[in-house]
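Could you have a look at this structure, given as structure tokens, before my questions?
When reading the values below, keep in mind they use all heavy atoms of this one structure, side chains included, and skip hydrogens, waters and symmetry mates. Predicted model, so just to flag it, every value in this text is computed and none were measured.
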Amino acid sequence: MGETVPRRRREDEKSIQSDEPKTTSLQKEVGLISGICIIVGTIIGSGIFISPKSVLSNTEAVGPCLIVWAACGVLGTLGALCFAELGTMITKSGGEYPYLMEAFGPIPAYLFSWTSLMVMKPSSFAIICLSFSEYVATPFYSGCEPPKVVVKCLAAAAIMLITTVNSLSVRLGSYVQNFFTAAKLVIVAIIIISGLVLLAQGNTKNFERSFEGAEVSVGAISLALYNGLWAYDGWNQLNYITEELRNPFRNLPLAIIIGIPLVTVCYILINISYFTVMTPTELLQSQAVAVTFGDRVLYPAAWIVPVFVAFSTIGAANGTCFTAGRLVYVAGREGHMLKVLSYISVRRLTPAPAIIFYGIIATIYIIPGDINSLVNYFSFATWLFYGLTVLGLIVMRFTRKELERPIKVPIFIPILVTFIAVFLVLAPVITKPAWEYLYCVLFILSGLVFYFLFVYYKFEWAQKISKPITMHLQMLMEVVPPEPDPK
């Protein structure tokens, strides 16, 4: 009897380390409605409510400003249609990662995962949660700014809560996303209906001579488009969870065709509502445009705006976590991250290690005083990878003709999107050159060092360190490798 427990423990450990471990896979829990909610909920965050003035500051007139918002919606839709072809052709989660892997090989895919996982996605997650915590904390510190420690602690708590929800259940995470998307659509409807009522009452003064004094230089228009497209960022989020989408051949393109035009219409109508109440000068001077709108139109119920903006922000954070965790999972599955990050919870059937890792990195980004500048300089890298991915679609039209394409967009669409991506990458660098762009490129290329050391050559000393860590984390978290893709 004395040897029974140790023997059983050794047998359990052997079963975990065996060549044919117990496997499981992600479940298809996301339907069409949840897919639309993920797209709408991730795109509409705090930006359209707090600071749409970035587009106006570059165009300097109401007419071009509204045209830019509409053009950005069209460009986002075209890019998403290209991703719809990619997502139905290569039905793997992880967004751009598997597409770059298929089109160009492991190095561009690794550099994308390296840049996204270490900077772009966790820092964006952190900023969204910081925006949420500022909205929540401000009412308790009337007349002054809330202490930074309080804001950061609330943001860390929000990250922890969202990470826990998405680690526990895919269905719970999608339900939370649906709820907060519905909440943000309520405030969108309130702003739009209020603005249209005021417009019908004759508040059209700010739309008269709406093109007067417009700035139409290439640099100004490019920066306006750049800022507008940043507000639309998230149109590709459904491609990160393709493996969990029910009937992806139908629901992926449908969610895109419904979701992004819906966001476009909402953005244009929200801006029209703002201009019915504020002149361009007043809008540029406002710190939080939706709050100013609420104070002028909805008083004494103006408190509704900050409450629902907080809901909107936390919904965007949940959508970001829900999708970005899958990128960590797929990168781990391909051997480009720690193997344990590709494992799935036995009890919950979620990529819990990947989501927790993503939450930890995002929490670290809360510690610095200001990370907005970091994200601004890395944002051009986003369109660098968008352009490279869409270029991969064009390349695979010739190199991977055997792949089934349930959706096939006209070839001029990916060509147009590729040219626009090149323009958006070069425009900020040429218009306002800064050393930070060079630092960003150097950081991206520094991923090659880790790729060759730990992925390509797989040095034995690295394997000796990682294997016991993987084994103990696997036992601690009760996670197992995913089932291999059926061929």
CD1 on I191 to CG on N271, rounded to 0.5 Å: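 Nearest 0.5 Å value for the CG-CD1 distance: 10.5 Å.
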How far apart are the C-alpha atoms of W114 and Y451, what are their side-chain angles, what is the distance that settles it, and do they pass the ring pair (Phe, Tyr, Trp, His ring centres under 6.0 Å) test? CA-CA 9 Å; W114 161 259; Y451 174 79; over 10 Å; no
So, Y274 and K53: side-chain donor and acceptor under 3.5 Å apart, yes or no?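 Y274 vs K53: no donor-acceptor pair found between side chains.
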List the steps, then state whether side chain to side chain contact (heavy atoms under 4.5 Å, CB included) holds for V277 with N203. CA-CA 8 Å; V277 176; N203 291 278; over 6 Å; no
Side-chain (Y329) to main-chain (I355) donor-acceptor, under 3.5 angstrom: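 Answer holds: no.
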How close do I159 and C129 get, heavy atom to heavy atom, and via which atoms?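 That would be CG1-SG, 3.5 Å.
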Verdict with reasoning, D233 to T382, per side-chain hydrogen bond (donor to acceptor under 3.5 Å, both in side chains): CA-CA 9 Å; D233 198 42; T382 302; 5.3 Å; no
Checking side chain to side chain contact (heavy atoms under 4.5 Å, CB included) for the pair E96/Y240: CA distance, chi angles, key distance, verdict? CA-CA 8 Å; E96 294 89 332; Y240 282 83; 2.7 Å; yes
Between S174 and R171 (side chain of the first, backbone of the second, donor and acceptor by atom type, cut-off under 3.5 Å), is there such a pair?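 Such a contact is found between S174 side chain and R171 backbone.
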Has the side chain of K152 got a donor or acceptor atom that lies under 3.5 Å from a matching backbone atom of I367?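 Present.
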Residue pair F423, W383: steps toward the ring pair (Phe, Tyr, Trp, His ring centres under 6.0 Å) verdict: CA-CA 9 Å; F423 174 73; W383 275 96; over 10 Å; no
Sidechain N-carboxylate O distance under 4.0 Å for E134, K148: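 The answer is no: the pair does not qualify as a salt bridge.
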Is there a donor-acceptor pair closer than 3.5 Å between any side-chain N or O of S123 and the backbone N or O of M120?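 The answer is yes, because a donor-acceptor pair under 3.5 Å joins these two groups.
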Heavy-atom pair of closest approach, residues F308 and A183: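 Answer, listing the atom of F308 first, then A183: CD2-O, 3.1 Å.
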Examine distances only and state if a side-chain atom of N239 and a backbone atom of F83 form a donor-acceptor pair shorter than 3.5 Å.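 At least one qualifying donor-acceptor pair exists.
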Give the table of side-chain donor-acceptor pairs shorter than 3.5 Å for residues 315-322, with sequence neighbours excluded, one pair per line with atom names and distance.
residue: N318; atom: OD1; partner: N166; partner atom: ND2; Å: 3.0
residue: N318; atom: ND2; partner: G173; partner atom: O; Å: 3.3
residue: N318; atom: ND2; partner: Q177; partner atom: OE1; Å: 2.9
residue: T320; atom: OG1; partner: A316; partner atom: O; Å: 2.9

Please say which of I43, I39, T323 ends up in a side-chain contact (heavy atoms from CB on, under 4.5 Å) with Q237.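 Among I43, I39, T323, the one meeting side-chain contact (heavy atoms from CB on, under 4.5 Å) with Q237 is T323.
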Which heavy atom of L424 sits nearest a heavy atom of S222, and at what distance?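 That closest heavy-atom pairing would be CD2-O, 4.3 Å.
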Ring pair (Phe, Tyr, Trp, His ring centres under 6.0 Å) for Y232 and Y267? Distances and angles first, verdict last. CA-CA 9 Å; Y232 279 95; Y267 275 11; 4.8 Å; yes
From L283 atom CG to S57 atom OG, the distance as rounded to the nearest 0.5 Å: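 Answer for the CG-OG pair, L283 versus S57, is 10.0 Å.
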For the CG atom of N58 and the CD1 atom of I221, what is their distance to the nearest 0.5 Å?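 One finds 8.5 Å between CG of N58 and CD1 of I221.
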Would you check if the side chain of T181 reaches a backbone N or O of C37 as a donor-acceptor pair within less than 3.5 Å?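 A pair under 3.5 Å: yes.
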Using atom types as modelled and distance alone, determine if a side-chain donor or acceptor of E282 lies under 3.5 Å from a backbone N or O of T279.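 Yes, because the side chain of E282 sits within donor-acceptor range (under 3.5 Å) of the backbone of T279.
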Tell me the closest heavy-atom pair linking L384 and V425, and the distance in Å.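 Distance-wise, the nearest heavy atoms are N-CG2, 3.4 Å.
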Residue pair T42 / G234: nearest heavy atoms and the distance that separates them: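 In this case the closest contact between T42 and G234 is CG2-CA, 4.4 Å.
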Nearest-0.5 Å distance that lies between atom CG in L111 and atom CG in L388: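 L111 atom CG to L388 atom CG measures 9.5 Å (nearest 0.5 Å).
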First locate atom CE of M118, then atom CD1 of I364, and finally report the distance between them rounded to the nearest 0.5 Å.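 So the gap between those two atoms works out to 8.5 Å.
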Which heavy atom of P300 sits nearest to which heavy atom of W303, and what is that distance?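 Reported closest heavy-atom pair: O-CD1, 3.7 Å.
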Side chain of T313, backbone of F132: donor and acceptor closer than 3.5 Å?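 No, the answer is negative, given that no donor and acceptor are paired below the 3.5 Å cut-off.
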Which value, rounded to the nearest 0.5 Å, describes the distance between L117 atom CG and Y110 atom OH?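 One gets 9.5 Å once the value is rounded to the nearest 0.5 Å.
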Side-chain touch V74/T264, heavy atoms, less than 4.5 angstrom: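 No, too far: nothing below the 4.5 Å cut-off.
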Could you go through the side chain to side chain contact (heavy atoms under 4.5 Å, CB included) check for M278 and T292 one step at a time? CA-CA 9 Å; M278 290 171 275; T292 304; 3.7 Å; yes
Step by step, work out the side chain to side chain contact (heavy atoms under 4.5 Å, CB included) result for Y358 and K121. CA-CA 9 Å; Y358 176 66; K121 293 192 177 297; 3.9 Å; yes
Between F275 and F207, how do the two ring planes meet: parallel, tilted or perpendicular, split at 30° and 60°?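 Ring orientation, 0 to 90° scale: perpendicular.
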Ring pair (Phe, Tyr, Trp, His ring centres under 6.0 Å) assessment of W235 paired with Y386: CA-CA 11 Å; W235 48 262; Y386 283 164; 4.8 Å; yes
